[in-house]
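Order of the sequence lines fixes the chain letters, A, B, ..., with proteins taken first and strands second; residue numbering starts at 1 for each chain. Since the structure is predicted, the reported quantities are computational estimates derived from the model, not experimental observations. Only this structure's heavy atoms are used, side chains among them; waters, hydrogens and symmetry mates stay out.
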Protein chains: 4
Amino acid sequence: MSFNTFGHIFRVTTWGESHGPALGCTVDGVPPGIALTEADIQPWLDRRKPGQNKFTTQRQEADQVRILSGVFEGMTTGTPIQLMIENTDQRSKDYGDIAQAFRPGHADITYHQKYGHRDYRGGGRSSARETAARVAAGGVARAVLARLAPAVRISGFMVQMGAKGIDRTRFDETQIDQNPFWCPDATAAIEWAGYLDELRLSHNSVGAVIEVTATGVPAGLGAPLYAKLDSDLASGMMSINAVKAVEIGDGMGVAALTGVDNADEIRMGPDGPEFLSNHAGGILGGISTGQPVICRFAVKPTSSILTPRRTIDTTGAERDLITKGRHDPCVGIRAVPVGEAMMACTLLDHLLLDRGHTGGLRGKIG
Amino acid sequence: MSFNTFGHIFRVTTWGESHGPALGCTVDGVPPGIALTEADIQPWLDRRKPGQNKFTTQRQEADQVRILSGVFEGMTTGTPIQLMIENTDQRSKDYGDIAQAFRPGHADITYHQKYGHRDYRGGGRSSARETAARVAAGGVARAVLARLAPAVRISGFMVQMGAKGIDRTRFDETQIDQNPFWCPDATAAIEWAGYLDELRLSHNSVGAVIEVTATGVPAGLGAPLYAKLDSDLASGMMSINAVKAVEIGDGMGVAALTGVDNADEIRMGPDGPEFLSNHAGGILGGISTGQPVICRFAVKPTSSILTPRRTIDTTGAERDLITKGRHDPCVGIRAVPVGEAMMACTLLDHLLLDRGHTGGLRGKIG
Amino acid sequence: MSFNTFGHIFRVTTWGESHGPALGCTVDGVPPGIALTEADIQPWLDRRKPGQNKFTTQRQEADQVRILSGVFEGMTTGTPIQLMIENTDQRSKDYGDIAQAFRPGHADITYHQKYGHRDYRGGGRSSARETAARVAAGGVARAVLARLAPAVRISGFMVQMGAKGIDRTRFDETQIDQNPFWCPDATAAIEWAGYLDELRLSHNSVGAVIEVTATGVPAGLGAPLYAKLDSDLASGMMSINAVKAVEIGDGMGVAALTGVDNADEIRMGPDGPEFLSNHAGGILGGISTGQPVICRFAVKPTSSILTPRRTIDTTGAERDLITKGRHDPCVGIRAVPVGEAMMACTLLDHLLLDRGHTGGLRGKIG
Amino acid sequence: MSFNTFGHIFRVTTWGESHGPALGCTVDGVPPGIALTEADIQPWLDRRKPGQNKFTTQRQEADQVRILSGVFEGMTTGTPIQLMIENTDQRSKDYGDIAQAFRPGHADITYHQKYGHRDYRGGGRSSARETAARVAAGGVARAVLARLAPAVRISGFMVQMGAKGIDRTRFDETQIDQNPFWCPDATAAIEWAGYLDELRLSHNSVGAVIEVTATGVPAGLGAPLYAKLDSDLASGMMSINAVKAVEIGDGMGVAALTGVDNADEIRMGPDGPEFLSNHAGGILGGISTGQPVICRFAVKPTSSILTPRRTIDTTGAERDLITKGRHDPCVGIRAVPVGEAMMACTLLDHLLLDRGHTGGLRGKIG
């Protein structure tokens, strides 16, 4: 990964600022001959789109994606695919008062220190709006996966909001799309709604934990030692705005396990090896085992809040700042489709890398 | 990062297997004119060296590093530095019985599935022995940092073993080198010693959490969006053997915070901006703030234990396997110097990348 | 370089097809704080623009560039700059008859074999139209060079058309912009005009040699061994459509020289070392010497001609094909600004890489 | 390509100086399951080895390669292969007098200017001795090609020494190994021997042109636009010491051709398309056509000669310098196996890249 590009063979280069005329990405390394139209990408963008309920920013963006290259007569050509999304509802005036002052928790101060000159409007390049480009790229990745690894299923959902986690015994996949939080536990979703309403009205915000799983992933993906499947997922998820931690499988919880408990014992099933547990989150030695790949990440609370916080401006003057604008009280909500997109892109990238390097070889067992 | 190389400008390519004749790395992108001898690197290797007490593997390796290129008359020349460490105490016979059987929790099964043919002796390429090369590279990085960013101080230590965390009120940096666990809390170290002894005798092992901090890091390091300082740290730490989670700053804990609490408010100090807290772990928008960079990672319990675990072999036959050999009951201990090395390499890499890209520009405040 | 991206720090990713809605590029790694508007880029595109005289394709493209990101209030921000050029005069019907047949000398057959599915209209991705994106990126590179290395002057011109070379004794830089061929020899330009007219009317085309020089290049640019300044120039120039050879300095001519003649002897001048000749073309060991960097490349004759040539189609049927459409009789003409752009991008990239790696160190002489 | 690494998937990182203890390379991205021992690599090194006759340097190096990793029980494991060659005959005293003075035509002055501090012994890193590592890597590439693309045959030979080219009508492949020049024209070889003897005795040297061809290359290799097969070959060959030009197919000669003459017309043969000529050198649009890939490069005369040349030293003092030591009067001779190695590495790299990206898809014809 380098600057604004991620991936090894399936390489995504994103561009654009929150309040510029448009944003988008170049998706390179897409295999040829894959059916692809804007209609394959748009639904994923719609999932991420702001303004869908009172718990996400009220900015109204159509987030309409256009394919400008790389597809001919509805099929990929193997050449770079340019995806563009025009910004239509930038209210730059909302941001005028933070041109000089640094919003605490935001990248304003670090961009200023690193670059000297920055687009302060809506956070410019550091805005979570950039993730629309990732989601679009994820749509391309999914279309390719559907062809090359059709068993792969990717699912993202929220497992914790604030201190309140879901009850895993109530996990119901069909609930995920039924509430504004992508929550698989209907009871928790109701609690969260009340909690978040309260926070919003008290000019506050809260963090969350997102889980993204992938089933049907073939064994053998991941390029040790420095493009391990888990190190690439860690890099990808950590690069999402406001993410401060990434876990694979049992994650931080492995510290408390003993070797006896942590062992994912193996038995032989009808179709090959079967693991009796999945503490490893589907990855051993940086390579997929064939079990579900399980990745979680923590998203910090939205830093833009209406409660005044102490800060300084570029002159060094101290001020108390509230951040007006249209913000998500729990930015973790909209991180769900972004996490799914990063998972899709990473899995496809490793599928292509593996077929290049090993020829997709699979050592026999039995 | 790609396959066996990490870094953008300061690029480290490692090679070697646990039981081959030698292992090492090529360190490319080192600035010229930096004083460097083997004596600058050896102490870091000695910190990581096995066999130093009863809590680490009893394998006896001198881990003597040789510089084969890139240094002339005690000074770097800007050309690639080859570091080689010969393996001297490989007892391959210990591993003969696992040539075909897959040790649960190890990469045996995934290497088999991905590559078909693998060096099973001691885990071959997937062995933690590879981390000696990282530590050697870290020694080079530290020598360069000492010249280019002399204020940087990197410190790694263990903050949790099993379920038992340190008491932060007892944090004493001088204790870190005084116990076998790199533990900054003398009381916890004593408890851990008893606990680990017990585990060892009962043929078990345990996980741990390591923290690596860096102070004196200049503001402005990190290349958003896909070579953010935190995403590179996440990738680097996750690539260490047995690591299952990476946290920056408050890490997974941010989920439970509200925006009001999480805000790292800013005031103006005599030398520039001062933050009133550091939930962000010294990184905002992927760029260093100048505060301490704080990174934690969880290491799973050693998978090689003397308690039998169920598994299969390459023929698909089911077996119960104990893993003989000389293993660490808490592999997290020896991960401490490795985490420090990854921190040193990543910081230096970003220092060089930043002076290339922005010229090391720092936007003025005040 | 990988797929559709070139450069190490200053990285350009191009996208777009000849007859798609638009083409463009993402220019990443641009230092912040550089004054840049579309007006800095447009003049270079205008130089390359088709339809300017009877010797270039009559396709009428405004080639109007738009900056979509990375610039704020007229200054670069260090974030990726997206440049887009809309295609306005695609006459796809001209190309209908070559949907299945492979034009000899074109990439039609290789794209078919590699990708299976391709955009045949105007050559799709393999069209020289892609070079508009490079020229736009070159405009950005020049703006940065003007700030960071203001002494650099880049000049491209044609030194041979068909078998007819220029007379170096008549070299007059001011002539370059005075004729349709960027020819520094006014007499040769007149001859070429007649010759090319003749070829055009006889439905033929011809090759050319282009020279691109850069003066004022600081010593020390180039990253041996595999990102040497000359190997990067070779890669960059060879990647231009229809280029079949690249020379540095005396190029192929060095074969005929003896060591005594080839030596660029050195004397001490008032401002440092002075070379008494420049057979090396300003590059020794892959690193710039401070002398003029001299690069030449040969462009093959336009393959699209109205004279029938034997070929086959995708069914394997044999046909005689003439290539209708609006083509340059000497495609080398429009390669001049493209070569200049590749020179500008490569020099800037190495300037940034060098200041990252060595800190722009220059060993003292005298 | 970046610094000391070339390749995309098959990545070679070289290290080592002329007079250091050893040199070598890490070969990453090698597919697993390929039979490989030192005996597969050594013959290629023996071809390049110095001191084999009076026309190459009299330095005596065994150039014995050791495989230190990545191979287990005679078969590759997919992990990085470390190849090491010890330097045994460094006579550093020969170079003492050039510690401060810059040999004209060498990289002494540019390394000094770029790096400040350099290993002057025998040119240090800039010595052609580094090419031993490339040849070793080429041996690995050939072993893999033998398995994955067994039809590929690579052949390098000298086609011009000084102003004297071979007579293509006397081209006889079996002659190549029969003379010290890898010359396919027995008559020319005799002439060259006399000519070179004369030059050597008069303390002079001369340049050469090398041609490397590859037959049996499958159609479809090459990743346009910036990892074209020809741009990667150009980069690879130009990175060889003393190379100043690279040609594909007709090379510089295409300038003098008309479109009618240059067209490689196509007819249908029993096994697919057949080209009636090969001006393109087997590459169209950066992608292999299935025809022989033809690449030529010009090597400048050895700069180290016993005839005094004017130069300066690091103090700026002017001197007349002769370069003692053991030098090749025509360094082009030993560039032949190096060119072959770069061809082998590049072809394999693109084979792997293509099977990753397109899955090795070949669009049907007929």
A.B. asks: Indicate the atoms forming the closest heavy-atom contact of C:Tyr115 with A:Pro32, along with that distance.
C.D. replies: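 Heavy-atom minimum between the residues: O-CB, 3.3 Å.
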
A.B. asks: Specify the closest pair of heavy atoms between A:Trp15 and C:Ser69, including all atoms of both residues, with the distance to one decimal.
C.D. replies: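 A:Trp15 and C:Ser69 have their closest heavy atoms at CE3-OG, 3.7 Å.
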
A.B. asks: So do the side chains of A:Met84 and C:Met84 get within less than 4.5 Å of each other, counting heavy atoms only?
C.D. replies: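 Side chain of A:Met84 against side chain of C:Met84, heavy atoms only: contact under 4.5 Å found.
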
A.B. asks: Quick check for you: among C:Gln82, C:Lys114, C:Arg125, which has the greatest number of heavy-atom pairs under 4.5 Å with chain A?
C.D. replies: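 It is C:Gln82.
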
A.B. asks: Going from CG on A:Asp28 to OG1 on C:Thr13, what distance comes out if it is rounded to the nearest 0.5 angstrom?
C.D. replies: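 Those atoms lie 7.5 Å apart.
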
A.B. asks: Look at atom CD of C:Glu38 and say whether more than 12 heavy atoms of other residues, nucleotides or ligands are closer to it than 6.0 Å.
C.D. replies: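 Check passes, neighbour count above 12.
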
A.B. asks: Nearest heavy-atom pair of C:Thr14 and A:Pro80: which atoms, and what distance?
C.D. replies: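 In terms of heavy atoms, the two residues are closest at O-CG, 3.5 Å.
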
A.B. asks: Heavy-atom pairs under 4.5 Å with chain A are the metric here; pick the option from C:Gly70, C:Gly33, C:Gly24 that has the most.
C.D. replies: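 If we count pairs closer than 4.5 Å to chain A, C:Gly70 comes out on top.
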
A.B. asks: Identify the two heavy atoms, one from A:Tyr111 and one from C:Thr79, that lie closest to each other, and give their separation to 0.1 Å.
C.D. replies: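 Here A:Tyr111 and C:Thr79 meet closest at CE2-CG2, 4.3 Å.
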
A.B. asks: Side chain, backbone, both or neither: which part of A:Arg118 has an atom under 4.5 Å from a heavy atom of chain C?
C.D. replies: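 Backbone only.
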
A.B. asks: Taking all atoms of both residues into account, what is the closest heavy-atom pair of A:Asp119 and C:Thr77, and its distance?
C.D. replies: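 For A:Asp119 and C:Thr77, the tightest heavy-atom pair comes out as N-CG2, 4.0 Å.
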
A.B. asks: Taking A:Phe72's backbone N and O only, do any of them form a donor-acceptor pair with C:His117's side chain (distance below 3.5 Å, no angle check)?
C.D. replies: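 Yes; at least one donor-acceptor contact below 3.5 Å.
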
